[in-house]
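If you're wondering where the values come from, they're calculated on a predicted model, not measured in any experiment. Count residues from 1 along the sequence.
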Amino acid sequence: MLLGPSDPLPAGLRRILVTGCSGSGKSTLGRALEARLGLPYTELDGLFHGPDWVPRPEFAADVATLAGGEQWITEYGYSAARPLVLPRAELLVWLDLPRAVVMRQVVPRTVTRRIRRQELWNGNVEPPFRTFLTDPDHIVRWAWRTHGKTAVRVGEVQERRPDLPVVRLRARREVRQWLAGPVAALAPTTARTTEHERAEPEST
């Protein structure tokens with residue numbers, strides 16, 4: 001079932017997946033949903049990356065524990081994690097932003113994080129700027145190269161879980177519309193805010 005930014009959501013949602021290419025704003029949306037719906041958000045990158053960017057051996061076990069919980073929001077990412085979270089999910093949110101929009105988000109974000117030496121996960125920070133030229137998997141190059149893969153994965157999800165509602169958001173305006181409309185309609189009364197009371201996050 002493919003839904004748009006104005007379509008009502010199923011009541012009582014407890015487990016939500018967010019998907020999109022790198023830099024599309026998955027973690028920003030995850031935190032926004034956490035604030036509005038009161039469901040705990042877990043960023044998969046924080047479970048995957050250990051110190052010095054070494055993958056944590058406990059990653060799959062941690063994801064399995066997360067997936068077995070009754071309430072959560074997380075990303076539909078990492079090949080080891082997808083089979084664990086998909087069967088339990090009750091909604092998939094697809095950030096299908098144009099490549100140009102993603103680049104306008106991921107480039108300034110990466111530069112800012114590097115300049116500020118902002119800690120990401122487990123002591124890791126963005127690598128030096130020169131790695132954009134030397135590392136083919138630099139986050140900006142990765143976001144550009146893998147932009148089209150999310151649509152393929154969503155198609156696979158629809159084949160495996162035809163019962164799973166999929167919300168497709170194709171612009172930042174649609175993200176705002178969705179949060180202010182269908183999501184707000186599900187939020188606990190004390191968590192509801194208007195668009196004037198809650199500013200849009202910088203990166204969606």
Side-chain angles (χ1 to χ4, degrees), residues 1-3 7-96 119-124 139 142 146 149-169 175 178-179 182-192 201 203-204:
M1 182 195 326
L2 192 62
L3 305 176
D7 293 321
L9 295 170
L13 287 173
R14 298 169 298 167
R15 296 180 292 276
I16 300 174
L17 290 173
V18 181
T19 192
C21 73
S22 296
S24 60
K26 298 184 295 297
S27 59
T28 300
L29 182 58
R31 288 189 290 268
L33 291 172
E34 179 181 52
R36 288 161 171 79
L37 300 179
L39 301 174
Y41 166 63
T42 299
E43 190 171 4
L44 285 191
D45 282 334
L47 297 181
F48 183 81
H49 296 293
D52 298 321
W53 298 103
V54 176
R56 296 176 61 253
E58 307 90 349
F59 176 65
D62 287 347
V63 174
T65 299
L66 169 66
E70 287 304 308
Q71 296 184 335
W72 44 258
I73 301 167
T74 194
E75 297 89 11
Y76 186 59
Y78 294 99
S79 57
R82 292 186 195 108
L84 301 174
V85 295
L86 182 59
R88 297 273 292 153
E90 297 178 340
L91 181 74
L92 176 66
V93 186
W94 176 17
L95 288 170
D96 187 22
E119 181 177 338
L120 302 178
W121 313 281
N122 299 313
N124 297 306
I139 186 62
W142 178 264
T146 63
K149 291 186 176 181
T150 304
V152 175
R153 292 197 181 108
V154 171
E156 293 170 350
V157 167
Q158 291 175 311
E159 291 180 1
R160 296 171 186 168
R161 287 284 313 273
D163 61 306
L164 183 67
V166 177
V167 177
R168 185 181 188 184
L169 304 173
V175 175
W178 185 64
L179 290 172
V183 172
L186 292 184
T189 303
T190 55
R192 291 178 184 170
S203 174
T204 50

Q. Parallel, tilted or perpendicular: which fits the ring planes of His49 and Trp121, with parallel below 30° and perpendicular above 60°?
A. parallel
**Q.** Straight-line distance of Leu91 CG to Met1 CE, nearest 0.5 Å
**A.** 9.5 Å
Q. How many angstroms lie between atom NZ of Lys26 and atom CD1 of Ile73, to the nearest 0.5 angstrom?
A. 15.0 Å
Q: Check whether any side-chain N or O of Arg168 sits under 3.5 Å from a backbone N or O of Trp94 as a donor-acceptor pair, and report yes or no.
A: no
Q | Side-chain heavy atoms of Leu29 within contact of Leu179, under 4.5 Å | A | yes
Q: Identify the heavy atoms of Leu13 and Pro10 that sit nearest to each other, and give their distance.
A: CG-O, 3.4 Å
Q) Are Arg82 and Glu75 close enough that some pair of their side-chain heavy atoms sits under 4.5 Å apart? A) no
Q: Can you measure from CD (Gln158) to CG (Leu92) and round to the nearest 0.5 angstrom?
A: 8.5 Å
Q.
The test is side chain to side chain contact (heavy atoms under 4.5 Å, CB included); show your working for Arg56 and Leu47 and say whether it passes.
A. CA-CA 7 Å; Arg56 296 176 61 253; Leu47 297 181; 4.3 Å; yes
Q: Looking only at non-hydrogen atoms, find the nearest pair between Arg36 and Ala187 and report the distance.
A: O-CB, 3.1 Å
**Q.** Contact summary for Pro40 and Gln71, nearest pair of heavy atoms
**A.** CG-O, 3.4 Å
Q.
Test your reading of the model: is there a side-chain donor-acceptor pair from Asp96 to the backbone of Ala151, 3.5 Å cut-off?
A. no
Q. Considering all heavy atoms of both residues, which atom of Leu95 and which atom of Ser24 are nearest to each other, and what is their separation?
A. CD1-O, 3.7 Å
(Q) Let me confirm one number: the CG-CD distance from Leu86 to Glu156, rounded to the nearest 0.5 Å. (A) 10.5 Å
Q: Could you tell me which non-hydrogen atom of Pro165 sits nearest to which non-hydrogen atom of Leu3, and how far apart they are?
A: CB-CD1, 4.1 Å
Q | pair Tyr76-Val18: side-chain heavy atoms closer than 4.5 Å | A | no
(Q) Quick one, Leu9 and Val183 - any side-chain contact, counting heavy atoms below 4.5 Å? (A) yes
Q) Can you tell me how far the CG atom of Leu66 sits from the OG1 atom of Thr42, to the nearest 0.5 Å? A) 5.0 Å
Q.
Do Tyr41 and Trp72 make a side-chain contact, defined as non-hydrogen atoms from C-beta onward lying under 4.5 Å apart?
A. no
**Q.** Verdict with supporting geometry, Val85 and Val63, side chain to side chain contact (heavy atoms under 4.5 Å, CB included)
**A.** CA-CA 8 Å; Val85 295; Val63 174; 3.9 Å; yes
**Q.** Heavy-atom side-chain proximity of Glu90 to Arg14 below 4.5 angstrom
**A.** yes
Q) Do Val157 and Leu164 come close enough that some side-chain heavy atom pair is under 4.5 Å? A) yes
Q: Answer yes when Arg88 and Glu70 have at least one side-chain N-carboxylate O distance shorter than 4.0 Å, and no when they do not.
A: yes
Q. With a cut-off of 6.0 Å (strictly less than), are more than 12 heavy atoms of other residues, nucleotides or ligands near CG of Asp163?
A. yes
Q.
So Leu37 and Ile16, do their side chains get closer than 4.5 Å, heavy atoms only?
A. yes
Q) Checking side chain to side chain contact (heavy atoms under 4.5 Å, CB included) for the pair Arg15/Leu39: CA distance, chi angles, key distance, verdict? A) CA-CA 8 Å; Arg15 296 180 292 276; Leu39 301 174; over 6 Å; no
(Q) If we ignore hydrogens and angles and just use 3.5 Å, is the side chain of Asn124 paired with the main-chain N or O of Asp52 as donor and acceptor? (A) yes
Q | Minimum-distance pair of heavy atoms, taken over all atoms of Leu17 and Ala89 | A | CD1-CB, 3.5 Å
(Q) Nearest 0.5 angstrom please: Trp53 CH2 to Leu120 CG, how far? (A) 5.0 Å
